[in-house]
Every structure is written in structure tokens, then in C-alpha cells.
Amino acid sequence: MRAQLEKRWREEKYAVLFYSQRHYQAIRTYLKNPQANEAKLNAIIEEAKQQRLTQGSMQNACAHMWGYFKKYATASESARYKELLIQLTGDADEMRCFLAQLADKYSVTYLQNSTILQQKSFGKIVDKGYNKNEYD
């Protein structure tokens, strides 16, 4: 049971942070409770995803994910990240697609398994046909 909770949280952590730091903190606190259960965790996750996106919440989550790459990223990748960070709009599909490409390039399994970077969540941006090596 505990392993399922932790797996679910690993997959949803950055999606929750993307929408609401308040919910992110609430879940971290909730998971310290030995009585924590998956139904309540799922309810908090879904509530978080119903929050209105803000530039600050999106930037914060993206910065956390960028932290996995910043030591390894090329100069052009760093420049592209900074450009996309300034331009965050909508639900940041272009940034999320870019971060997913980096997760694949640098084999960051933790992020590859994160729901926020799953291709099915990108909408039309995936159809732009980004080249994985575009930012090398």
C-alpha cells in the first residue's frame, strides 16, 4: 500500500506543483500520515489539477524539472529553456515537450515517468515534429 502511494506521488509530483504549490505542500504533509490512503491522495491530486494555472506555478515546476539537466545541458538548450520560461502561456505545452525531450536525451527516468511530461498531455505541440537533437 505504501509503495503504491509513493509511486503515485512520484508520477504526479511535478503535475501537482505545476498547478498548485499549496496542494503540493499539502500532499507532502499528508503522506507523512501513516493512515494516508490512495483515494485521498488521488482526490488532492485531482483538486490540484483543477486550479487555475499561474505563470508563477508553471515557472516553479519547470525550474524544478530543469534542475535535473542544468549541469549537462548545452548552451543552446540553456538558452532555449530561458526563452521558453519567459514565454510560458496556456498550459506550457512547448516547455513540457522540450523538458520531455531532455528527459529522454539525458535518460532521466524519474522525469520520463512523470505525468506532466507524458506526450499525451501535450495537445497539439507534439505534432510540431520537434527533432530530439534540435537543441544540441
Side-chain angles (χ1 to χ4, degrees):
M1 173 85 158
R2 189 70 194 177
Q4 285 179 282
L5 286 176
E6 291 172 4
K7 179 182 183 294
R8 177 81 169 127
W9 180 230
R10 278 192 311 271
E11 294 169 348
E12 295 289 350
K13 176 192 265 186
Y14 292 115
V16 170
L17 187 59
F18 192 76
Y19 283 92
S20 171
Q21 185 165 356
R22 182 174 59 85
H23 286 81
Y24 176 87
Q25 292 299 340
I27 290 172
R28 290 186 65 210
T29 300
Y30 176 68
L31 289 176
K32 292 176 185 175
N33 177 350
Q35 305 302 318
N37 64 68
E38 194 167 0
K40 174 75 173 174
L41 174 62
N42 288 336
I44 300 170
I45 289 169
E46 291 311 310
E47 182 180 304
K49 290 180 178 181
Q50 299 304 313
Q51 303 305 301
R52 188 179 143 272
L53 283 169
T54 66
Q55 187 95 7
S57 66
M58 291 187 295
Q59 286 177 338
N60 185 36
C62 290
H64 279 259
M65 291 183 279
W66 173 252
Y68 286 89
F69 316 114
K70 68 181 181 182
K71 291 180 183 176
Y72 311 105
T74 65
S76 62
E77 289 167 342
S78 294
R80 182 67 177 147
Y81 167 75
K82 290 173 187 170
E83 176 185 316
L84 290 172
L85 194 63
I86 292 168
Q87 299 172 1
L88 282 180
T89 58
D91 56 2
D93 282 350
E94 194 167 359
M95 172 65 93
R96 293 186 302 136
C97 186
F98 174 68
L99 291 171
Q101 290 170 357
L102 293 179
D104 288 342
K105 177 180 178 179
Y106 295 108
S107 301
V108 180
T109 306
Y110 191 85
L111 291 181
Q112 289 171 321
N113 294 330
S114 180
T115 60
I116 193 71
L117 298 184
Q118 298 299 310
Q119 286 189 356
K120 64 183 180 245
S121 70
F122 295 146
K124 61 184 179 245
I125 295 298
V126 171
D127 297 331
K128 282 190 171 182
Y130 288 108
N131 179 342
K132 283 189 178 230
N133 298 317
E134 178 177 357
Y135 305 106
D136 287 343

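Positions are given from 1, in the same order as the sequence printed here.
A distance of 11.5 Å separates CG in D93 from CG in L84, rounded to the nearest 0.5 Å. With values rounded to the nearest 0.5 angstrom, L102 atom CG is found 8.0 Å from T74 atom OG1. Rounded to the nearest 0.5 Å, atoms CD (E46) and CG (L41) are 10.0 Å apart.
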Donor-acceptor contacts, no H, no angles, side chain residues 21-31, under 3.5 Å, sequence neighbours left out:
residue	atom	partner	partner atom	Å
Q21	OE1	N60	ND2	3.4
H23	ND1	S20	OG	2.6
H23	NE2	E47	OE2	2.8
T29	OG1	Q25	O	3.2
Y30	OH	N37	N	2.8

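A distance-only check finds a donor-acceptor pair linking the side chain of T54 to the backbone of S57 [under 3.5 Å]. In terms of modelled atom types and a separation under 3.5 Å, the side chain of R96 and the main chain of I116 share a donor-acceptor contact. Between the side chain of Q55 and the backbone N or O of Q87, no donor-acceptor pair lies under 3.5 Å.
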- Query: Please walk me through it: do Q112 and D104 pass side-chain contact (heavy atoms from CB on, under 4.5 Å)?
  - Reply: CA-CA 7 Å; Q112 289 171 321; D104 288 342; 2.9 Å; yes
- Task: Check the pair K49 / F18 against side-chain contact (heavy atoms from CB on, under 4.5 Å), numbers first and verdict last.
- Result: CA-CA 8 Å; K49 290 180 178 181; F18 192 76; over 6 Å; no
- Query: Could you walk me through whether R80 and E94 pass the side-chain contact (heavy atoms from CB on, under 4.5 Å) check?
  - Reply: CA-CA 11 Å; R80 182 67 177 147; E94 194 167 359; 2.4 Å; yes
- Task: Begin with the C-alpha distance, continue with both residues' side-chain angles, and end with the deciding distance and a verdict on side-chain contact (heavy atoms from CB on, under 4.5 Å) for F98 and E77.
- Result: CA-CA 9 Å; F98 174 68; E77 289 167 342; 4.3 Å; yes
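Here E11 pairs with K7 under the side-chain hydrogen bond (donor to acceptor under 3.5 Å, both in side chains) rule; sequence neighbours left out.
Across every non-hydrogen atom of A48 and Y19, the tightest pair is O-CB, 3.1 Å. N33 and R2 get closest at one heavy-atom pair: O-NH1, 3.7 Å. The shortest heavy-atom contact between G90 and M58 is O-SD, 3.5 Å.
Between Y106 and F69, the angle of the ring planes lies from 30° to 60°, which puts this pair in the tilted group. In this pair, Y68 and Y14 present their aromatic rings perpendicular. The plane angle is above 60°, beyond the 30 to 60° band.
For residues 50-72, no residue pair satisfies the salt bridge (Lys or Arg N to Asp or Glu O under 4.0 Å) rule, not counting sequence neighbours.
Partner of T115 under the side chain to side chain donor-acceptor pair (under 3.5 Å) criterion, out of E12, K13, R8: E12 alone.
A donor and an acceptor atom, one from each side chain of R10 and N113, are nowhere located under 3.5 Å apart.
By the 6.0 Å contact criterion, OH on Y72 is open, its count of non-hydrogen atoms from other residues, nucleotides or ligands being 12 or less.
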